Amino acid sequence: MVRFAALALASASLAGAASAPAMAQDAPARQTFAACTTQQDLEQILNSDGQLMPDGCRSLSITPVRSENGTLCVIDFSGESQGVLQNLRDAASPDQWWVQCDSLTENAG
């Protein structure tokens with residue numbers, strides 16, 4: 001669930017960067033942001049100006065990569081070390097997902 005919510009959050013965070021004029025020459029830099037399993041946890045981070053990180057949240061990053069097929073984005077769910085328990089929860093799912101950057105920003109707004 002957090003992975004799909006993170007994709008929605010990623011589309012909003014990349015909306016401005018992917019359409020910037022500088023994109024024609026260089027891909028935007030890596031962006032890191034918090035993603036949470038509940039809205040309440042994310043609101044807690046926002047209300048604390050990023051000072052708190054509830055247990056249901058983690059840091060994600062999106063890195064645009066130039067390819068012959070356009071700009072691709074790798075979404076990294078591994079974040080910072082989350083401990084043994086989190087690693088066991090995530091064992092069945094890959095830490096990195098590749099998507100077309102344009103698909104993240106198509107419906108952002």
Side-chain angles (χ1 to χ4, degrees):
M1 177 83 172
V2 74
R3 295 182 194 274
F4 297 113
L7 290 175
L9 184 60
S11 68
S13 68
L14 276 181
S19 62
M23 179 100 168
Q25 295 174 358
D26 297 313
R30 175 181 172 162
Q31 295 182 13
T32 302
F33 55 92
C36 303
T37 56
T38 67
Q39 178 181 348
Q40 181 180 5
D41 285 345
L42 183 59
E43 299 270 354
Q44 189 174 8
I45 291 173
L46 297 173
N47 290 331
S48 72
D49 291 326
Q51 298 300 313
L52 299 176
M53 183 66 83
D55 288 338
C57 301
R58 63 171 57 187
S59 292
L60 304 182
S61 67
I62 297 179
T63 306
V65 177
R66 283 255 183 229
S67 98
E68 62 186 31
N69 294 309
T71 303
L72 305 177
C73 286
V74 60
I75 302 173
D76 188 349
F77 291 91
S78 63
E80 300 168 7
S81 176
Q82 302 293 319
V84 174
L85 213 49
Q86 188 66 43
N87 290 341
L88 288 173
R89 282 186 213 131
D90 294 341
S93 190
D95 286 339
Q96 292 185 338
W97 292 48
W98 288 84
V99 297
Q100 289 181 305
C101 291
D102 291 344
S103 67
L104 294 174
T105 60
E106 282 177 357
N107 296 318

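Keep in mind the model is a prediction, meaning the values are calculated, not measured.
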Would you compute the distance between atom [atom1] of [X] and atom [atom2] of [Y] and round it to the nearest 0.5 angstrom?
X   : Y    : atom1 : atom2 : value
T37 : R58  : OG1   : CZ    : 9.5 Å
T71 : Q100 : OG1   : CD    : 10.0 Å
D76 : T63  : CG    : OG1   : 7.0 Å
Q40 : C57  : CD    : SG    : 10.0 Å

List the atom of [X], the atom of [Y], and the distance in Å for their closest heavy-atom pair.
X   : Y   : result
I45 : C36 : CD1-SG, 3.6 Å
P64 : A29 : CD-O, 3.8 Å
M53 : S59 : CE-OG, 3.7 Å

(request) Would you kindly confirm whether F33 and I75 end up in one hydrophobic cluster when ILVMFWY residues are joined by side chain heavy atoms under 4.5 Å apart? (result)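 In one cluster with F33: I75, yes.
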(request) Treat each ILVMFWY residue as a node, draw an edge where side-chain heavy atoms are under 4.5 Å apart, and state whether V99 and L60 are in one component. (result)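 As far as the 4.5 Å side-chain criterion goes, L60 and V99 are connected within one cluster.
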Residues that [X] engages under side chain to side chain donor-acceptor pair (under 3.5 Å), provided they are two or more places apart:
X   : value
S67 : none
Q39 : E43
T32 : none

(request) List in chain and number order the residues that pass side-chain contact (heavy atoms from CB on, under 4.5 Å) with L52, two or more places apart in sequence or in another chain; answer none if no residue qualifies. (result) Q44, S48
